[in-house]
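Presented below is the structure to which this report refers.
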Amino acid sequence: MSDCIFCKIVAGEMDTKFIYEDELVVVFPDIRPKATTHILITAKKHIPSLYSLDEHDTRLMGHMVQLLPVIAKQLGLHSFRTIINTGRDSGQEVDHLHFHLLAGNLPKFG
Ligand code: AMP
Ligand code: ZN
């Protein structure tokens, strides 16, 4: 989508440095980090949120989950938190599917 900031990042139109890239995802630092480490595992496909997933996205979702420990290990993290906001009331700001991976200085949750 032409007006989607994460589609622009995926297309390489922004000055965003990728930590990791493959055919399905890009991984890059959050511009406003909420923890010592805060990165976004972002689908290349424009999917607005978990709410609009369908059966065609099963492989992508499995891949994104499987990548979490791979990226964490690359960054030397033994502990991390994963967040996926879905919808405005959850705090979702960017309507393009992404996982937050956070570590360091995290408030207790749950
Ligand atoms: P969410 O609120 O779950 O939709 O998360 C969107 C995240 O994207 C926020 O934490 C923002 O700080 C982050 N963000 C917005 N624009 C950019 C950008 N250009 N580069 C990196 N992160 C961004
Ligand atoms: Zn998009």
Side-chain angles (χ1 to χ4, degrees):
M1 281 182 64
S2 57
D3 59 346
C4 170
I5 182 76
F6 282 9
C7 279
K8 290 193 172 98
I9 288 175
V10 166
E13 291 169 14
M14 308 292 287
D15 202 18
T16 304
K17 227 171 93 185
F18 296 154
I19 292 166
Y20 173 91
E21 177 176 13
D22 64 28
E23 78 279 16
L24 296 176
V25 304
V26 291
V27 180
F28 53 87
D30 196 293
I31 207 166
R32 291 189 301 274
K34 295 9 170 240
T36 309
T37 300
H38 185 174
I39 62 171
L40 302 173
I41 290 100
T42 302
K44 283 191 170 176
K45 179 181 173 187
H46 181 86
I47 299 172
S49 78
L50 284 186
Y51 208 79
S52 38
L53 283 185
D54 66 31
E55 70 274 15
H56 302 296
D57 301 315
T58 303
R59 177 169 164 257
L60 170 64
M61 294 306 292
H63 183 63
M64 290 175 81
V65 171
Q66 182 268 328
L67 262 182
L68 290 164
V70 173
I71 301 291
K73 285 170 195 172
Q74 272 185 16
L75 297 173
L77 303 172
H78 297 280
S79 188
F80 62 89
R81 180 173 298 165
T82 307
I83 294 174
I84 308 170
N85 292 318
T86 303
R88 285 289 167 273
D89 288 348
S90 78
Q92 184 178 6
E93 289 172 20
V94 178
D95 294 336
H96 180 127
L97 185 68
H98 55 281
F99 292 7
H100 297 255
L101 187 160
L102 304 112
N105 290 329
L106 292 171
K108 185 159 167 45
F109 181 82

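Indexing begins at 1, ligand by ligand and atom by atom, following the structure's order. Just so it is clear, the model here is predicted, and its values are computed rather than measured.
Here is the list of ligand 1 atoms found below 4.0 Å of a heavy atom in Leu40: 8 (O), 22 (N). Counting atoms of ligand 1 from 1 in the listed order, those under 4.0 Å from a heavy atom of Val94 are 4 (O), 6 (C). Taking every heavy atom of His100 and a limit of under 4.0 angstrom, the matching atoms of ligand 1 come to 1 (P), 3 (O), 5 (O), 7 (C), 10 (O). Ligand 1 places these atoms under 4.0 Å from at least one heavy atom of Arg32: 11 (C), 12 (O). Within the listing of ligand 1, atoms 1 (P), 2 (O), 4 (O) sit less than 4.0 angstrom from a heavy atom of Gln92.
Annotation: ring pair (Phe, Tyr, Trp, His ring centres under 6.0 Å) contacts of His38 (sequence neighbours excluded): His100. A search for side-chain contact (heavy atoms from CB on, under 4.5 Å) contacts involving Gln66 returns His63, Val70, not counting sequence neighbours.
Taking the side chain as every heavy atom from C-beta outward, Asp95 and Cys4 never approach each other to under 4.5 Å. In this structure, Phe99 and Val65 have side chains that are in contact, with non-hydrogen atoms separated by less than 4.5 Å. In this structure the side chain of Ile39 reaches within 4.5 angstrom of the side chain of Leu75, judged on heavy atoms. Looking at Met64 and Val27, their side chains never come closer than 4.5 Å, going by heavy atoms from C-beta outward. Contact of the Arg32 side chain with the Glu93 side chain is registered, since non-hydrogen atoms from C-beta on lie closer than 4.5 Å.
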(request) Verify side chain to side chain contact (heavy atoms under 4.5 Å, CB included) between Phe6 and Leu97, making sure each step is shown before the conclusion. (result) CA-CA 9 Å; Phe6 282 9; Leu97 185 68; over 6 Å; no
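Comparing heavy-atom distances from atom 10 (O) of ligand 1 across Ile5, Leu97, Asp30 singles out Asp30 as nearest. With atom 21 (C) of ligand 1 as the reference point, the heavy atom nearest to it among Thr42, Ile31, Ile83, Asp95 is part of Ile31.
Not a single heavy atom of Thr16 lies less than 4.0 angstrom from ligand 1. Look at Pro29 and you'll find a heavy atom under 4.0 Å from some atom of ligand 1.
Atom CG of Leu53 is separated from atom OG1 of Thr58 by 8.0 Å, given to the nearest 0.5 angstrom. Atom CG of residue Leu68 and atom CG of residue Leu101 lie 5.5 Å apart, to the nearest 0.5 angstrom. Here OH of Tyr20 is found 4.5 Å from CG of Leu67. Values are rounded to the nearest 0.5 Å.
With a 4.0 Å cut-off on non-hydrogen atoms, Ile9 touches ligand 1 through its side chain and not its backbone. Contact annotation for Ile84 and ligand 1: no heavy atom of the residue comes within less than 4.0 Å of the ligand. At a heavy-atom cutoff of 4.0 Å, ligand 1 is contacted by the side chain of His98 but not by its backbone.
Between Lys34 and ligand 1, at least one pair of N/O atoms sits closer than 3.5 Å. For ligand 1, none of its N or O atoms has an N or O atom of Phe6 under 3.5 Å away. Between Asn85 and ligand 1, at least one N/O pair is under 3.5 Å apart.
Counting only distances under 2.8 Å, and ignoring water, the protein N, O or S atoms around the Zn ion (ligand 2) are Cys4 SG, Cys7 SG, His46 ND1, His96 ND1.
Of the possible donor and acceptor atoms, none in the side chain of Gln74 sits under 3.5 Å from a partner among the backbone N and O of Gly76. A donor-acceptor contact shorter than 3.5 Å links the side chain of Lys108 to the backbone of Gly110.
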Could you tabulate the donor-acceptor pairs under 3.5 Å formed by side-chain atoms of residues 43-50, not counting sequence neighbours?
from, atom 1, to, atom 2, distance (Å)
Lys44, NZ, Glu21, OE2, 2.9
Lys44, NZ, Asp22, O, 2.8
Lys45, NZ, Asp57, OD1, 2.6
His46, ND1, His96, ND1, 3.3
Ser49, OG, Tyr51, N, 2.9

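Regarding atom 2 (O) of ligand 1, its nearest protein heavy-atom neighbour is Gly91 O, 2.8 Å.
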